[in-house]
Amino acid sequence: MKVGIPKEVTQDETRVAVVPSMVSALTKAGHEVWVESGAGAGSSFSDTDYEEAGAKIIKGAGDLYASADAILKVRPLTEHPQLKKHEADLVRENTTVIGFMAPLSNLDVIKKLAERNVTSFAMEFIPRITRAQSMDALSSQATVAGYKAVLMAAAQLGKFFPLLMTAAGTIPPANVLVLGAGVAGLQAIATAKRLGARVEAFDPRPAVREQVQSLGAQFIEMELPEDVETAGGYAKEQSEEFLRKEQEAIAARLSKTDVVITTAQIFGKRAPILITEDMVKMLRPGAIIIDLAAEQGGNCELTEAGKTVEKHGVTIVGAVNLPATVPVHASQMYSKNITNLFRHLYQAEDGQLDFEDEITRSACVTHKGEIVNEFVKNALK
Ligand code: NAD
C-alpha cells in the first residue's frame, strides 16, 4: 500500500504521525511511505531525514491525499486551511485513514467517511488490553502530558520543588496533589517525585493505591465505592455523594498544597468537578492548578480550556494538547503506536481486515460504507 503521512493542519499541532526511524517498519512490510514535504518540521525531522529513511517526499497535501491508499494522521480530520477543503473530502474513496478521530465529537465527519466508503480507525478506540499496549496512543500521549504538566507547574511556581538544606536556610519541599492516577497521573507523580516534591494522590480505582505508593507518593485514603471500574478498566462515573466526600478529602489538604495536577476523566462523559471555586480559595496565593481534563470540561470549576487564568491568587492552567509541546518524543511514541496498529490491521497477504480480531473490531469506525463502531452508532441514535 502507499501509506501517506500528511502535515498536520490543526493549529499549534507540531507532531507527525510517522517519524523517520519508523519508515522502515512500513517499507519492510512491503508498503511505500509517502510524506508531505514539511510534515516532520514541527518535530525537528527534515524531508532529507525521511528520504534517507526510504520515504518519498510529496509536495503539497493535495497530491499526497490523491494518491495514498492509507493516510496515517495524528489529529482528527479537519478543514484544510490551504486547500480550503475538509480532510475527510481529501481522503480518497475506498481507502483507509487512521488517527485520533474524536469520533463522538465529529459525528458529521464520521458520516462523511462512511458515505465515501473510507475505512477509518480511531486510535481512541484501541482496547486497553495487554496485546494492544504497543498500539495504545492514549497511554503514550498521556505519559507525555503527565510529565509536561509537572514541568509547567514547576516553571510557574515561585518555589523550589525539592527540599534544600543550604547555608541560606532550609527550604521544605513543595506539596503536590495529583487527582486521578491513571497513565497521566502516574507519570505526573513520578516526575514530581524526581524533582523532589512531596506528593499525595487519589483515584477511586482500588488498584491504583499500590501503584501510587510504589512511586513513593502518599495515597489519600477514602472509603471507595464497590463498583468503580468498567470491564475495560476505566473508572465509572461516581455518585454525587461520593464526589462530595472526595471534595471534602481534597479540601482538607488544600491549605498546604502548592501544586494540583488534575487528570480525572470518565470515558465518553464530562470530567468530574473535583475542585470548586470555594476550594480554589482554600489554596495559598501563588498555588498552581494544571488541569489536564480541561478539554473534557475540566476538574476545576474555574478552568478555561486552552487558557491560563488567575483566580483568587491561584494560577489555573486549562492545559490542552501538552504532547504537542514535547513533539519529538510524543511523535516518536505515537509513531510506534500507529505503525504497530497499521501492521497489525494489514498483516494478511490479501490485505483483508480480520474483524474477528478484537483490536481491529474495536478500533474500526467506518467500513464498506457503514458506521461499524457501537459507541458511534449509539451516539447517532
Ligand atoms: P483516563 O484518562 O480515562 O482517566 C484518568 C484517571 O482518572 C483514571 O485513573 C480514573 O480512574 C481517574 N478518575 C475518574 N474519576 C475520578 C475521580 N472522581 N477522582 C479521581 N480520579 C478519577 O484513564 P487512563 O489513564 O487512560 O487509564 C484508564 C484505565 O486503563 C486504567 O485502569 C489503566 O490502568 C488502564 N490501562 C490499561 C492498559 C492496558 O492494559 N493496555 C493501558 C493503559 C491504561
Side-chain angles (χ1 to χ4, degrees), residues 142 145-161 172-182 184-189 191-192 195 197-204 208 212 217-222 235 237-266 269-322 325:
Y147 162 83
K148 191 61 188 271
V150 172
L151 296 195
M152 284 172 74
Q156 296 196 40
L157 187 70
K159 294 182 171 184
F160 285 119
F161 261 39
N175 290 315
V176 174
L177 181 60
V178 177
L179 300 174
L186 289 173
Q187 186 55 231
I189 294 170
T191 307
L195 286 178
R198 199 185 284 137
V199 184
E200 282 190 294
F202 179 71
D203 193 295
V208 177
V212 166
Q218 199 173 344
F219 188 76
I220 299 175
E221 299 294 349
M222 266 186 67
E237 196 168 21
Q238 301 302 324
S239 66
E240 277 187 28
E241 169 68 5
F242 177 82
L243 285 177
R244 195 183 48 72
K245 283 192 191 149
E246 185 179 349
Q247 287 173 358
E248 277 172 16
I250 296 166
R253 284 153 173 88
L254 292 179
S255 65
K256 292 196 176 69
T257 299
D258 298 300
V259 169
V260 189
I261 312 266
T262 69
T263 77
Q265 293 190 38
I266 305 292
K269 299 251 159 79
R270 192 211 180 283
I273 296 277
L274 305 179
I275 302 186
T276 61
E277 178 161 12
D278 281 343
M279 291 165 75
V280 171
K281 291 180 190 164
M282 295 175 192
L283 283 158
R284 302 186 225 194
I288 315 276
I289 299 175
I290 311 276
D291 192 341
L292 291 186
E295 274 177 295
Q296 284 69 40
N299 292 139
C300 172
E301 203 171 37
L302 301 181
T303 295
E304 293 179 35
K307 289 192 184 156
T308 297
V309 293
E310 200 183 313
K311 299 276 167 85
H312 310 296
V314 175
T315 302
I316 305 167
V317 181
V320 294
N321 202 11
L322 290 192
T325 67

Can you establish whether the number of heavy atoms outside Glu240 located under 6.0 Å from its atom CD is more than 12? no

Test item: Ile220 and Val212 side chains (from C-beta on) under 4.5 Å apart, heavy atoms: no

Would you check if Thr315 and Ile289 make a side-chain contact, meaning some heavy-atom pair closer than 4.5 Å? no

Measure the shortest side-chain to side-chain distance between Asn299 and Pro272 over non-hydrogen atoms and say whether it is less than 4.5 angstrom. yes

side-chain contact (heavy atoms from CB on, under 4.5 Å), paired with Val150, selected from Ile290, Val199, Ile261: Ile261

Short question: side chain of Thr263, backbone of Gly180 - any donor-acceptor pair under 3.5 Å? yes

What's the separation between atom CD1 in Ile189 and atom CD in Glu200, rounded to the nearest 0.5 Å? 10.5 Å

Check whether any side-chain heavy atom of Asp278 lies under 4.5 Å from a side-chain heavy atom of Lys281, and answer yes or no. yes

Under 3.5 Å: donor-acceptor pair, side chain of Glu295, backbone of Val320: no

Is it true that a side-chain atom of Asp291 and a backbone atom of Cys300 form a donor plus acceptor pair closer than 3.5 Å? yes

Find the distance between NZ (Lys269) and CD (Gln296) and round it off to the nearest 0.5 Å. 13.5 Å

Positive for side-chain contact (heavy atoms from CB on, under 4.5 Å) with Leu302, one of Thr276, Val280, Ile275: Val280

Between the side chains of Glu241 and Arg244, is the shortest nitrogen-to-carboxylate-oxygen separation below 4.0 Å, so that they form an ion pair? yes

Mark yes when over 12 heavy atoms from residues, nucleotides or ligands other than Phe219 sit less than 6.0 Å from its CZ; otherwise mark no. yes

Any salt bridge between Lys311 and Glu304, counting N to O under 4.0 Å? yes

